[in-house]
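The next block holds one structure in the form of structure tokens; read it before the comments.
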Amino acid sequence: MAKNKKVIPLKEHIIEFVSDSGEGAQKAANSFAKTCGMMGNGLWTIEVIPAEIQPPPHTTSSTSGNRIRLAEGKVTNAGDLAQTVVAFNEMAFLSRVQAGAVADDVLLIIDNIWATHDDPAYRESYKKITGDVKSRGGTVIEVPFEEETAKIVEDSKRGKNMFVLGYMGYLYQRDLNILRQIVEEMFAKKSKTVIQNNIALLEGGYTYAEEHLDFRYEIPSVPSKVPMVVMNGNTAIALGAIAAGFELCSMYPITPATSASHALSDIMEGLGGMVHQAEDEIAAIGVAIGSNYAGKPALTITSGPGMALKTEFQGLAVMTETPLVIVDVQRGGPSTGLPTKIEQGDLLSSLFGAPGDAPKVVIAPSTIKDCFSVMIMARKIAEEFRMLVIVLTDANLATGQQIFKRPEFSEVSLPPPIDLSPVPEGTNPFDWDPKTGLSRRLIPGQPGGMCVTTTLNHNAQGKVTHDAASNQRGHEMRSRKLAALQHTLKAPEVYGPKTGDLLIVGWGSTRGTIDEAVDRARAEGYEVSAVNLLFLSPLQPGLKKIFSGFKKVMTIELNYSDNWGDPLITEENRRYSQLAFLLRSHTLMDVDCWSRVPGRPFMPMEIHEVIVREIKKIKGAKEETAKLVSKAGGLK
Amino acid sequence: MTVLSMEEFLEKECGDHNYELEDYEAEVPRWCKGCGDHGVLTSVQKLLRDRKINPEDVICVSGIGCSSRFPHYLKTYGFHGIHGRALTLSEGVALARPDLHLLTVMGDGDCFSIGGNHWIHALRYNFNATVIVLDNEIYGLTKKQASPTTRQGVVTNTTPKGAYLKSLNPLTLMLGVTNISFLAQTATWLPGHLDNTLNKAWDHKGLSFVRILQRCPAYLSSSFEATGPDFPAVFLEGEGGIAVDKGMLQKASVIQHDHHNLLEAQKVALTETPSPMGLIYYDPNVPTYGDIRRRRIKTLDRPGLIAGLNAELDKYTVKQQHG
């Protein structure tokens with residue numbers, strides 16, 4: 001069958017690898033993705049993770065794996081529905097169908113060991129689920145993955161994933177040499193036998209596919225001329241933190257933030273710093289503030305519940321004007337919520353979480369590349385403005401892998417060496433510039449600068465004061481810094497024309513998805529543009545002007561809002577999504593919103609549908625008015 | 001007449017500064033008249049003067065409560081933090097600046113109640129700091145509520161019929177924590193002993209924990225036998241321990257105690273009346289957290305850091321195959 005194969009050319013494809021937790025679909029998928037990156041394809045991967053460590057096997061809650069969106073050109077999001085799913089069992093596949101992630105005409109490649117399994121329940125569910133695929137218009141290719149694996153190695157449960165990798169490598173015309181190299185690298189720390197076995201499995205899968213498939217896919221790749229990197233957002237945050245000059249990461253384990261600290265734990269000591277795992281979230285921020293106060297740049301990385309625990313200390317950082325960067329890798333809330341899944345639910349709590357008026361900077365990178373560079377900017381703002389900077393990422397950026405231009409950095413991105421030169425006795429620790437609120441920070445050890453840094457309201461001398469005037473002054477100075485920062489910012493760029501029917505406003509990781517949906521709608525003639533806001537506090541200038549170029553402005557966000565038309569929901573009680581809430585108060589414009597909490601990234605097709613519906617409403621309203629006008633005999 | 005070598009001359013003239021007590025005095029303390037905090041502040045200022053410590057080389061970190069006003073009255077660097085969290089801030093300071101002297105001041109509610117988790121873990125980290133708890137067995141700043149060390153039956157605003165529970169013995173708790181390296185107890189009505197205790201604590205490399213018993217004249221004037229000096233105490237004497245000045249001997253008896261023996265220390269700590277005064281447990285060989293961690297941190301100059309990071313990025317760089 002090796003000859004006369006049908007080659008199906010594709011611009012892009014969405015492929016999912018799914019297995020029971022612990023069977024290694026993620027390893028296979030990651031190796032597949034890395035191969036695609038090395039071949040020069042555009043790439044976006046996203047993890048499918050079970051919420052438990054050892055969920056019951058062969059159930060929908062046990063699914064673990066990856067989605068890979070593979071393309072000829074650049075990819076900015078995880079895409080719509082999966083076109084190919086390789087599943088180690090039918091329940092893993094079913095969970096993806098239930099998640100609404102699979103196309104009807106999917107190509108399902110599945111281990112057929114379950115068709116003849118001893119357990120009649122497995123046989124039955126396998127028959128039903130594969131039958132359903134066919135009746136919906138999909139294709140099922142049954143492969144004896146486990147049986148074939150057993151021919152190569154003794155423990156067929158453990159090597160199946162590499163066999164699958166080889167199979168998929170053949171199907172998508174991946175370079176076998178690169179695949180071999182990646183498998184070797186992956187098992188580099190293991191024994192020679194392990195490496196040999198895995199290479200044998202990889203090749204076994206490849207050959208099996210070659211012998212049994214009568215078609216292959218072809219997705220051309222154009223290798224980049226500049227060096228590219230493939231990594232996930234948490235790794236980018238970690239490496240960005242090093243480039244920014246942080247010497248201490250003080251953290252407490254919390255999903256989905258922890259892997260950033262894992263990445264730092266592996267490398268930080270070798271790069272002159274350390275990760276400190278504190279006894280709790282509160283201690284983690286306390287240690288970071290103590291270190292920053294004493295002159296050594298420190299950050300803390302957490303997720304929503306950790307942010308909640310850190311709020312009192314956030315207030316202290318604001319009040320004492322101690323520079324601090326917190327990374328919040330957002331997950332589903334409230335409470336423990338959806339710990340492994342994506343949500344953009346911490347915007348307002350980041351802005352307003354601490355008691356009293358606690359002005360702080362909030363920024364949200366929208367790509368994995370941004371996750372790196374934002375860290376350098378965050379550290380600089382924190383120190384120059386003596387402010388708390390919160391970096392909001394999310395579970396999508398955290399675990400998604402993207403290929404992007406290798407970041408460049410130099411010593412310029414590092415903080416200046418600590419300056420302990422003497423200052424005149426009586427130098428004010430809060431020598432606020434009355435216009436900007438900025439002041440020079442005194443560092444312990446500086447002769448002449450002895451002063452107390454206090455949580456209480458204080459004056460420029462750092463002395464505790466309780467009087468009305470000084471309390472007003474302290475608030476003004478801390479707030480003024482935000483205005484000073486806002487004056488340095490540029491208006492956000494509009495993606496698309498500056499006028500039109502609809503403007504979609506988003507923040508964070510939804511950017512690529514929104515832009516793609518906008519592209520599709522515009523290609524169909526809809527007048528829609530998009531804006532992504534990097535700064536949430538202070539908001540970038542010019543928003544009102546941008547918004548006025550459109551008939552309707554709405555945010556699209558991965559957080560909760562009440563829907564128009566829901567029971568009891570009226571204009572008076574509707575709760576808007578978080579950015580919409582902010583923009584409405586900021587611009588006094590009627591910014592609408594469409595938001596959902598699916599626990600997964602949006603698909604471009606969902607946003608496209610919203611765009612089309614909204615623009616039809618706008619046009620419809622116009623037609624409606626025109627009809628009424630003509631009925632009334634035209635305008636006099 | 002002694003002739004000084006050039007080195008000795010320079011050492012004498014240009015080496016250590018001589019400081020006066022006033023050099024360590026900031027604002028006039030606003031603690032109540034008769035509050036034990038005054039005595040502790042003076043004792044710390046004397047220690048700094050006697051040891052000729054540059055004021056800029058000291059960081060005093062505190063939490064919230066009457067005692068946590070301490071940094072405001074000490075002319076060094078000070079960080080007045082939030083309730084219960086002084087030890088976390090201190091640990092950050094200790095990790096960042098091993099070159100500075102670190103003094104952490106808390107009250108009984110601050111450390112033993114709201115800061116309980118940090119208290120346990122700070123002892124285990126054994127970071128380098130002198131940690132003192134001014135224990136007056138009551139909340140003062142919030143006006144007379146029961147603290148963990150308030151004695152059973154004591155009437156407070158939250159226990160109008162008397163405190164319900166037996167008081168917490170912080171000493172026995174601390175002696176159960178792995179890595180404890182220095183634990184001492186003293187009282188403000190034993191000023192000489194207080195001085196000696198703080199000096200011993202200051203010399204220890206690691207976390208030296210000193211519980212200082214003191215009266216709150218405003219809200220619990222009845223505590224410690226109304227005056228303090230009559231409160232039953234017993235001095236611990238042992239080689240290398242805290243010296244008991246002769247004048248003190250009228251106030252309490254002395255027992256021999258081996259402060260290197262953890263089981264002995266636990267036994268001593270269990271006895272609350274009379275209260276043990278002196279060095280309860282001491283192990284100068286417990287490594288500090290900072291030393292353990294710093295030993296493994298590579299020292300890099302700035303170009304070295306950039307090169308190191310580039311090497312890390314290499315691991316994520318895809319070697320794209322052309323053609």
Side-chain angles (χ1 to χ4, degrees), chain A residues 34 37-40 175 178 223-224 227-231 235 239 242-243 248 250 267 269-274 276 278-280 282-283 286-296 298 312-313 316 403 406-407 409-411 414 444-456 463-464, chain B residues 26-27 54-61 64 69 71-72 74-97 99-100 117-118 120-122 293-294 296-300 302-306 308-310 312-313 316-323:
Chain A
K34 210 166 172 197
M38 287 177 74
M39 290 177 71
D175 187 324
I178 301 181
S224 159
M228 303 290 275
V229 289
V230 176
M231 68 177 73
T235 306
L239 297 177
I242 304 271
L248 173 67
S250 172
I267 60 172
E269 285 179 345
L271 294 171
M274 63 177 263
H276 168 64
E279 62 267 25
D280 58 33
I282 298 172
V287 168
I289 292 176
S291 178
N292 282 317
Y293 159 71
K296 189 172 269 192
E312 191 187 11
F313 254 132
L316 178 73
I403 185 164
R406 179 176 164 134
F409 49 88
S410 67
E411 288 175 48
L414 300 174
Q446 270 189 290
M450 291 79 72
C451 59
V452 65
T453 301
T454 178
T455 176
L456 289 165
K463 301 285 180 205
V464 175
Chain B
E27 297 168 37
N54 296 327
E56 66 268 21
D57 292 341
V58 179
I59 299 184
C60 177
V61 178
I64 291 292
R69 291 300 182 96
H72 289 276
L74 194 63
K75 198 178 168 193
T76 61
Y77 279 92
F79 199 126
H80 179 200
I82 52 175
H83 199 29
R85 318 297 171 203
L87 285 167
T88 69
L89 292 163
S90 301
E91 199 189 339
V93 170
L95 284 174
R97 297 294 298 279
D99 57 317
L100 300 177
N117 196 27
H118 312 308
I120 294 167
H121 289 276
R293 297 303 309 270
R294 273 188 293 272
R296 301 174 55 141
I297 295 174
K298 200 169 164 185
T299 314
L300 290 172
R302 295 156 78 85
L305 175 56
I306 298 296
L309 181 55
N310 267 315
E312 285 305 324
L313 265 174
Y316 299 91
T317 303
V318 291
K319 297 152 202 103
Q320 291 189 354
Q321 318 259 324
H322 288 264

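Here is the naming used below: chain letters follow the sequence lines, and residue numbers restart at 1 for every chain. None of these values were measured; they are calculated from a predicted model. Keep in mind that the numbers below use all heavy atoms, side chains included, and drop hydrogens, waters and symmetry copies.
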| query | Any donor-acceptor pair under 3.5 Å linking the side chain of B:Arg97 with the backbone of A:Pro444? | reply | yes
| remark: Scored by heavy-atom pairs under 4.5 Å with chain B, the best of A:Lys34, A:Glu411, A:Lys296, A:Lys463 is A:Glu411
| task | Name the member of B:His121, B:His83, B:Arg69 that forms the most heavy-atom pairs with chain A at distances under 4.5 Å. | result | B:His121
| query | Would A:Phe409 and B:Leu309 count as a side-chain contact (heavy atoms from CB on, under 4.5 Å) if you check the C-alpha gap in whole Å, the side-chain angles of each, and the deciding distance to 0.1 Å? | reply | CA-CA 9 Å; A:Phe409 49 88; B:Leu309 181 55; 3.4 Å; yes
| message | What I'd like to find out is whether the side chain of A:Asp280 reaches to under 4.5 Å of the side chain of B:His118, using heavy atoms alone. | response | yes
| message | Between A:Glu279 and B:Ile120, does the side-chain contact (heavy atoms from CB on, under 4.5 Å) criterion hold? Intermediate values first, please. | response | CA-CA 9 Å; A:Glu279 62 267 25; B:Ile120 294 167; over 6 Å; no
| request: Taking the side chain as every heavy atom from C-beta outward, state whether A:Glu269 and B:Arg293 have any pair of such atoms under 4.5 Å apart. | output: yes
| said: To check you understand the geometry: which heavy-atom pair defines the closest contact between B:Ile64 and A:Thr455, and what is its length? | reply: CD1-CG2, 3.6 Å
| Looking at side-chain heavy atoms only, is the closest gap between A:Ile242 and B:Glu312 below 4.5 Å? | no
| message | Could you measure the distance from the CG atom of A:Leu248 to the CG atom of B:Leu95? Nearest 0.5 Å is fine. | response | 6.0 Å
| said: Report which part of A:Ala283 has an atom under 4.5 Å of a heavy atom belonging to chain B: side chain, backbone, both, or neither. | reply: both
| note | So, the part of A:Ala243 with a heavy atom under 4.5 Å from chain B: the answer is both
| said: So which residue, A:Ala298, A:Pro227, A:Gly273, ends up with the most heavy-atom pairs under 4.5 Å with chain B? | reply: A:Gly273
| If you count heavy-atom pairs under 4.5 Å between each of A:Ala278, A:Ala294, A:Ala288 and chain B, which one has the most? | A:Ala294
| With chain A, which of B:Val58, B:Ile297, B:Leu87 has the greatest number of heavy-atom pairs at distances under 4.5 Å? | B:Ile297
| field | Structural part of A:Ser250 lying under 4.5 Å from a heavy atom of chain B | value | neither
| query | Any side-chain heavy atom of A:Ile282 within less than 4.5 Å of one from B:Asn117? | reply | no
| task | Indicate yes or no: at least one non-hydrogen side-chain atom of A:Leu414 is less than 4.5 angstrom from one of B:Ile306. | result | yes
| Side chains of B:Leu313 and A:Met231 in contact at under 4.5 Å (non-hydrogen atoms) | yes
| task | Heavy atoms only, distances under 4.5 angstrom: which of A:Pro447, A:Gly272, A:Gly448 has the most pairs with chain B? Name it, please. | result | A:Pro447
| note | Closest non-hydrogen atoms of B:Pro71 and A:Val452, given as atom of the first, atom of the second and distance, are CB-CG2, 3.8 Å
| message | So which residue, B:Ile82, B:Thr76, B:Asn54, B:Ile59, ends up with the most heavy-atom pairs under 4.5 Å with chain A? | response | B:Ile82
| Relative to chain A, which segment of B:Thr317 carries a heavy atom at a distance below 4.5 Å: side chain, backbone, both, or neither? | both
| B:Leu300 versus chain A, heavy atoms under 4.5 Å apart: side chain, backbone, both or neither? | side chain
| query | By a 4.5 Å heavy-atom criterion (distance strictly below it), what part of A:Ser410 contacts chain B: side chain, backbone, both, or neither? | reply | backbone
| said: Just to verify, what does A:Cys451 make a side chain to side chain contact (heavy atoms under 4.5 Å, CB included) with, not counting sequence neighbours? | reply: A:Pro429, A:Leu442, B:Tyr77
